[in-house]
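Predicted model only: the values in this text are computed from it and were never measured.
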Amino acid sequence: MDTTQLAHPASGRPTWTVRPASKLLVLLTLAALTACSTPKPPPTKAVFDFGLTPVTAMTRSTPSAALLLADVQAPMALNATAVQYRLNYDNDQELRPYALARWSMSPAQLVQQRVKLALSARGPVLAEGQGSPTHALKIELEEFVQVFDQPQSSQGRISLRATLLKDSQLVDQIRVRASATAPSQDAAGGVRALTQATDDAARQLATWLDQQEP
């Protein structure tokens, strides 16, 4: 600290005074210490869903018969609400959750909502307990994750297996895969990519179901 020794006018004893520049340094130091000691609020988690309902395709002039859409099934890892990702360039066998991001509901529930929306353009879509139509669609969600091939590049991937039944008898089965490039390399970018990929998968399912009709 920059100080100057002066004689006290009354006693003649030396005193120490602080120059203006040193006073400013002391004040800045005290302000920095005060700022460091002030507690900061903890970061909050971001909660995501698939956003606003997209505009669906024009409904068919001749609607299909009613279809029962069973609850989408998923493995235990996809029953949680964490937004998950993989680092293919590091360890692609490790499924990692974002610490401060989660879904508003499980991925299986989000996918079911989007599939129901897409299939509703074909005809009535019923949930379990709402009736007993002759055709039923069962879906198993196998993959739902943001995948980083490089730190600066990632995509949202979804994979599901769909089984069509008629009067409880197997009609056909298909595995649908879809992916979309993430616009940013974070949880928000992964959510947007997974939303786009899910809509693509739902359209593929609708096209496949159209092909099953006589």
Side-chain angles (χ1 to χ4, degrees), residues 31-57 69-121 138-162 174-208:
L33 291 174
T34 302
C36 292
S37 62
T38 302
K40 296 181 180 179
T44 56
K45 283 189 176 182
V47 181
F48 295 96
D49 58 18
F50 283 165
L52 297 176
T53 301
V55 178
T56 58
L69 177 61
D71 292 341
V72 173
Q73 302 299 308
M76 185 177 298
L78 295 179
N79 280 329
T81 58
V83 179
Q84 299 177 327
Y85 65 95
R86 292 184 189 273
L87 302 180
N88 268 1
Y89 60 87
D90 183 12
N91 180 7
D92 62 354
Q93 293 183 318
E94 183 179 0
L95 193 60
R96 314 176 190 216
Y98 281 103
L100 299 177
R102 64 180 179 86
W103 297 104
S104 61
M105 59 185 72
S106 71
Q109 293 172 308
L110 290 168
V111 169
Q112 178 155 345
Q113 286 184 348
R114 219 59 164 191
V115 169
K116 182 178 180 179
L117 180 67
L119 299 186
S120 294
K138 294 186 177 182
I139 297 175
E140 298 173 65
L141 184 61
E142 299 176 333
E143 184 181 34
F144 188 81
V145 66
Q146 181 182 10
V147 179
F148 285 82
D149 295 320
Q150 298 294 334
Q152 301 80 21
S153 174
S154 67
Q155 55 185 286
R157 293 185 188 177
I158 181 174
S159 176
L160 53 85
R161 181 170 57 184
I174 188 176
R175 177 172 277 107
V176 174
R177 294 185 177 91
S179 63
T181 301
S184 60
Q185 311 316 313
D186 52 13
V191 166
R192 289 188 177 277
L194 284 166
T195 301
Q196 184 178 342
T198 300
D199 286 340
D200 184 9
R203 287 190 291 267
Q204 292 184 49
L205 278 177
T207 300
W208 171 69

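Residue pairs meeting the salt bridge (Lys or Arg N to Asp or Glu O under 4.0 Å) criterion with at least one member in residues 111-121, sequence neighbours excluded: R114-D199.
In plain terms, the two heavy atoms of A80 and P107 that are nearest each other are O-CD, 3.2 Å. Between N88 and R157, the shortest heavy-atom distance links the atoms ND2-NH2, 4.2 Å. In terms of heavy-atom proximity, Q146 sits nearest to G189 at NE2-C, 4.4 Å. Considering all non-hydrogen atoms of both residues, L95 and A77 come closest at CD2-CB, 4.1 Å. Minimum interatomic distance between A74 and N79 (heavy atoms only, all atoms of both residues): O-ND2, 3.6 Å. Across Q112 and V72, no two heavy atoms sit closer than the pair OE1-N, 2.7 Å.
Note on ring orientation: taking the six-membered ring where Trp is involved, the planes of Y85 and Y98 are tilted (angle from 30° to 60°).
Counting only distance, with no hydrogens or angles, the side chain of Q109 and the backbone of S106 share a donor-acceptor pair below 3.5 Å.
Note: D186 CG to R192 CZ = 10.0 Å, rounded to the nearest 0.5 Å. The distance from the CD atom of E140 to the CG atom of L160 is 9.5 Å, given to the nearest 0.5 Å. The structure places OG of S184 at 13.5 Å from CD of Q152, a figure rounded to the nearest 0.5 Å. Rounding to the nearest 0.5 Å gives a distance of 6.0 Å between CH2 of W208 and CD1 of I174. Note that the OG1 atom of T198 and the CG atom of L110 stand 8.0 Å from one another [nearest 0.5 Å].
Contact check for D200 versus I158: no side-chain heavy atoms found under the 4.5 Å cut-off. With contacts defined as side-chain heavy-atom distances shorter than 4.5 Å, the pair D49/V191 does not qualify. Between Q185 and P151 the shortest side-chain heavy-atom distance does not fall below 4.5 Å. In this structure the side chain of P97 never reaches within 4.5 angstrom of the side chain of V83, judged on heavy atoms. In this structure the side chain of D149 reaches within 4.5 angstrom of the side chain of Q155, judged on heavy atoms. Residues I139 and L69 are in side-chain contact: their nearest non-hydrogen atoms beyond the backbone lie under 4.5 Å apart. Q73 is listed as a side-chain neighbour of D71, based on a closest heavy-atom distance under 4.5 Å. Taking the side chain as every heavy atom from C-beta outward, V115 and L205 approach each other to under 4.5 Å.
Looking at residues two or more places apart in sequence or on another chain, you find a ring-ring contact (aromatic ring centres under 6.0 Å, His included) between F50 and W103. Judged as a side chain to side chain contact (heavy atoms under 4.5 Å, CB included), and not counting sequence neighbours, the contacts of Q196 are A180.
Side chains of Q204 and T207: no donor on one and acceptor on the other come within 3.5 Å.
Between E142 and R177, none of the side-chain N atoms (NZ, or NE/NH1/NH2) sits under 4.0 Å from a carboxylate O, so this pair counts as no salt bridge. Under the 4.0 Å criterion applied to side-chain N and carboxylate O atoms, R96 and D90 are assigned as salt-bridge partners.
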